[in-house]
2 protein chains.
Amino acid sequence: MHDDLSPLCTRFLTAADLLGRRWTGVILRILMDGPCRFGELTERIGTISERVLSERLKGLEAEGILERHVDPGPPIRSEYRLTEKGQAFWKVIDELGKWAERWVDVKAPAQAQKGAKATRAVAPRKRKSA
Amino acid sequence: MHDDLSPLCTRFLTAADLLGRRWTGVILRILMDGPCRFGELTERIGTISERVLSERLKGLEAEGILERHVDPGPPIRSEYRLTEKGQAFWKVIDELGKWAERWVDVKAPAQAQKGAKATRAVAPRKRKSA
DNA sequence: GCACTCACTTACTTTTTGGAAGTAGCTTGC
DNA sequence: GCAAGCTACTTCCAAAAAGTAAGTGAGTGC
């Protein structure tokens, strides 16, 4: 039985699940540079939909990782900033960034996974494909 | 204009996208402990579907993060193990684990995000809800 | 009053995931 | 020698999540 994973795992799974939601890492990464407004986040990320950004921000706020701060202008603006819990995440993001710098080839568009369904380049299964 | 994000960002986005696929972090975490077979991975993760595990493994293999190694038994077994690129990921996983240990409350089931849709505890929007 | 911005939300479509059952190769029991 | 089991996947279908686009409400500018 391999439940040696269990004790730390509940926490780890939670964290992995957090980062396992699309865009979470990117949002956190941007917020590491300082507070950011909704529109600014949309703009900087570029390809995220506002629907999902809104959802992610609410989720992260609920997790206590960031907080929404409303500046009643008059030009009313809301700002998202990391809490202490969120700030503590910088090491993870930092290591991820370092890994990416060293190992990610810019030419490979990360779409490899999608193609993978059809393209098994290495060690084809012994089973006959017909 | 905030395209100061662009240069590093392509790589970072790729990495974030990788980790942003559900279960990737957990799979990598388990593989950090050593090579693992398909069934063993299923068992250790517990809640992943075999369909998705298979998909993730192929994707990670295509990305060069892990490799499939077939032992022609006779009881034929395949084993997944990290490549150098995959091993290099341990720092990310490690920091994620540390963060989780320090900041994740075991009692909070990470489902906070789901509930968040309905529950805005902090700073309700000024717009009337009717 | 009309156009425009910001920060979201809503409605609808497409993609991903989950769950369960099926398949293929090989061994073991009878 | 064949049903039964094991391992490693794949296939099918329903449910959940993400993408797309248009709408909403408050406020400003003219």
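What you see is a predicted model; the values in this text were computed from it and never measured. Protein chains get the first letters and strands the later ones, always in sequence-line order, with residue 1 at the start of each.
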**OP:** Indicate the atoms forming the closest heavy-atom contact of B:L57 with B:I27, along with that distance.
**Re:** CD2-CG2, 4.2 Å
Original post:
Between B:L13 and A:V26, what is the shortest heavy-atom contact and its length?
Top reply: CD2-CG2, 3.5 Å
Original post:
Is it true that A:E79 and A:R77 have a side-chain N and a carboxylate O under 4.0 angstrom from each other?
Top reply: no
**OP:** Mind calculating the distance between OH (B:Y80) and C1' (D:dT7) to the nearest angstrom?
**Re:** 11 Å
**OP:** Take the angle between the ring planes of A:F89 and B:W99 and call it parallel below 30°, perpendicular above 60°, tilted in between.
**Re:** perpendicular
Original post:
To the nearest angstrom, how far is B:F38 atom CZ from C:dA24 atom P?
Top reply: 17 Å
Original post:
To 10°, what angle do the rotation axes through the five end pairs on each side of the helix from C:dG1-D:dC30 to C:dC30-D:dG1 form?
Top reply: 0°
Sub-3.5 Å pairs of nitrogen or oxygen atoms, protein against nucleotides 17-21 of chain C:
residue, atom, partner, partner atom, Å
C:dT17, OP1, B:R56, NH1, 3.3
C:dT17, OP2, B:R56, NH2, 2.6
C:dG18, OP1, B:W23, NE1, 3.1
C:dG18, OP2, B:W23, NE1, 3.0
C:dG18, N7, B:R51, NE, 3.1
C:dG18, O6, B:R51, NE, 3.4

Subject >> Atom pair distance, as rounded to whole Å: CG in B:L53 and C1' in D:dT7 >> reply: 13 Å
**OP:** Keeping the roles fixed (side chain from B:T14, backbone from B:T10), state whether a donor-acceptor pair exists under 3.5 Å.
**Re:** yes
Original post:
Can a side chain N or O of A:S54 be found less than 4.0 Å away from OP1 or OP2 on C:dT9?
Top reply: yes
Original post:
Heavy-atom distance under 4.5 Å between the side chains of A:W23 and A:L53, does that happen here?
Top reply: no
Original post:
Which atom pair, heavy atoms only, marks the closest approach of B:V104 to A:R11?
Top reply: O-NH1, 2.7 Å
Subject >> A:T42 side-chain N/O to C:dA7 phosphate OP1/OP2 under 4.0 Å >> reply: no
Original post:
Within less than 4.0 Å of OP1 or OP2 of C:dC6, is there a side-chain N or O belonging to A:S78?
Top reply: no
Subject >> Whole-Å gap separating C1' (C:dA7) and CD (A:E79) >> reply: 14 Å
**OP:** Take the protein atom NZ of B:K58 and the nucleotide atom P of D:dC9, then report the distance between them rounded to whole Å.
**Re:** 8 Å
Original post:
Where is the tightest heavy-atom contact between B:L96 and A:A15, given as atom of each residue plus distance?
Top reply: CD1-CB, 3.8 Å
Original post:
Between B:E61 (CD) and D:dA8 (P), how many Å, whole number?
Top reply: 14 Å
**OP:** Figure out the CD/P separation between A:E43 and C:dC8, and round it to whole Å.
**Re:** 16 Å
Original post:
Between D:dC9 and B:R77, is there an OP1 or OP2 to side-chain N/O distance shorter than 4.0 Å?
Top reply: no
Subject >> Among C:dC6, C:dC8, D:dA8, the nucleotide that comes nearest once only the side chain of A:R37 is considered >> reply: C:dC6
Subject >> Pairs meeting criterion salt bridge (charged side-chain N to carboxylate O under 4.0 Å, His left out) with involvement of residues 85-94 of chain B, two or more places apart >> reply: B:D94-B:K98
Original post:
Roughly how many Å is it from CD in B:E40 to P in D:dT7, rounded to a whole number?
Top reply: 11 Å
